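Worksheet for the structure shown next.
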Amino acid sequence: MDLGIDGKWALVCAASKGLGKASAAALAEAGVNLVITARGADALAQAADELRALGRGEVRTVAGDITTAEGRASALAACPQVDILVTNAGGPPTGDFRDWDRAAWIAALDANMLTPIELIKATVDGMADRGFGRIVNITSGAVKAPIASLGLSNGARSGLTGFVAGLSRQPRLAGRNVTLNNLLPGAFDTDRLRKTLQAQAGSGLSVEQAAQQRLKTIPAGRFGDAAEFGALCAFVCSAQAGYLTGQNLLIDGGAYGGTF
């Protein structure tokens, strides 16, 4: 399928690895020009080389912390215009809420709620003026089915979800072909999953035992492949997805057991 976004510009956050990189790769294959960000310059440069080999568009890198005002300004300045925005940031630490102080909560909110909102604020009206815009927030399956040890993520990402639900339905955006949606990944074979499994292993299980225990909760019988997630992200960013907005798309191998 021709996604109809050849030549568009996308800003993809935390794109040096994992789901961010997979999303950038799928967009590159669709002919999109990319600005990718991450904190690690070396990993980001390597990712950029791989992305350039996939597509025909330009790939620019901005090493820095997207959760800071300076990091956001640098990333936005590198992008001639943001037609597609994919927000993403590493998840906050796992643990027990009794151990988290106010600083831990503020850090989680900054990374997983306030930073996406600031990026949306900086780009959404320009998208509306041009008559095309796609915003995709990579959140978490924990928004739909909270995980006790991910309390910081549950709270911050749920706040972003509520905000997007209201903003996406503004006629000045939806009526100008600007969509805002959230992708909710379940257990994908990424560094984040491995860290979560290691945390579970600390409670008496080996990492392999923790992985097997988690797999029993997934009807598909496996962890997700990042490329599958990237392909969904690219479709949600496509010209064909203009009638899809304000949605939370869960991609978890059937792990969530509810009807809605």
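Only a predicted model underlies this, so the values are computations on that prediction, with no experimental measurement involved.
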Should [X] and [Y] count as side-chain neighbours, where that means a heavy-atom distance under 4.5 Å?
X	Y	value
C233	V86	yes
L3	M1	yes
Q198	S206	no
F132	M127	no
N181	S168	no
S140	N154	no
W9	V35	yes
V124	I135	yes

Gap between atom [atom2] of [Y] and atom [atom1] of [X] - 0.5 Å precision:
X	Y	atom1	atom2	result
T94	L197	OG1	CG	10.5 Å
L76	T37	CG	OG1	10.0 Å
I106	L114	CD1	CG	8.0 Å
L167	K121	CG	NZ	12.0 Å
L250	N182	CG	CG	11.5 Å
I66	T115	CD1	OG1	7.0 Å

Answer yes when [X] and [Y] have at least one side-chain N-carboxylate O distance shorter than 4.0 Å, and no when they do not.
X	Y	value
D83	R130	yes
R52	E58	no
D189	R222	no

Determine whether a donor-acceptor pair (N or O, by modelled atom type, separation under 3.5 Å) exists between the side chain of [X] and the backbone of [Y].
X	Y	result
E228	A226	no
K21	A48	no
R60	A78	yes
E118	M113	no
T68	D65	yes
E29	A26	no

What about [X] and [Y], same hydrophobic cluster or not, with Ile/Leu/Val/Met/Phe/Trp/Tyr joined at side-chain heavy-atom distances under 4.5 Å?
X	Y	answer
L85	V32	no
L232	V143	no
I5	L51	yes
L244	V178	no
V59	V12	yes

For the pair T190 and L19, evaluate side chain to side chain contact (heavy atoms under 4.5 Å, CB included) and give the outcome as yes or no after the intermediate values.
-> CA-CA 8 Å; T190 63; L19 302 183; 4.1 Å; yes

Considering all heavy atoms of both residues, which atom of [X] and which atom of [Y] are nearest to each other, and what is their separation?
X	Y	answer
A24	A15	CB-CB, 4.4 Å
A75	L11	CB-CD1, 4.0 Å
Y256	A145	CD1-CB, 3.9 Å
G242	T179	O-CG2, 3.6 Å
L152	P93	CD1-O, 3.8 Å
D252	G186	CB-CA, 3.8 Å

Does CZ in R192 sit with more than 12 non-hydrogen atoms of other residues, nucleotides or ligands closer than 6.0 Å?
-> yes

Near D99 CG, under 6.0 Å, is it more than 12 heavy atoms from other residues, nucleotides or ligands?
-> yes

All pairs passing salt bridge (charged side-chain N to carboxylate O under 4.0 Å, His left out) where residues 164-184 contributes a residue, at least two apart = D125-R172

Can you tell which of N88, T87, L160, N112 makes a side chain to side chain contact (heavy atoms under 4.5 Å, CB included) with T139?
-> L160

Only one of V164, L183, L184 passes side chain to side chain contact (heavy atoms under 4.5 Å, CB included) with N248; say which it is.
-> L184

Check: residues 211-219 side-chain donor-acceptor pairs under 3.5 Å, at least two apart:
| residue | atom | partner | partner atom | Å |
| --- | --- | --- | --- | --- |
| Q212 | NE2 | E208 | OE2 | 2.9 |
| T217 | OG1 | R214 | O | 2.6 |

Trace of the side chain to side chain contact (heavy atoms under 4.5 Å, CB included) decision for L173 with L180 = CA-CA 9 Å; L173 300 178; L180 296 92; 4.3 Å; yes

Side-chain H-bond candidate by donor/acceptor type, R134 with N177, under 3.5 Å | yes

Stepwise, does the side chain to side chain contact (heavy atoms under 4.5 Å, CB included) test hold for S23 with I138?
-> CA-CA 10 Å; S23 298; I138 299 177; 4.0 Å; yes

Check against side chain to side chain contact (heavy atoms under 4.5 Å, CB included), V136 and C237 | CA-CA 7 Å; V136 174; C237 294; 3.7 Å; yes

Can the ring centroids of F188 and F223 be said to lie less than 6.0 angstrom from one another?
-> no

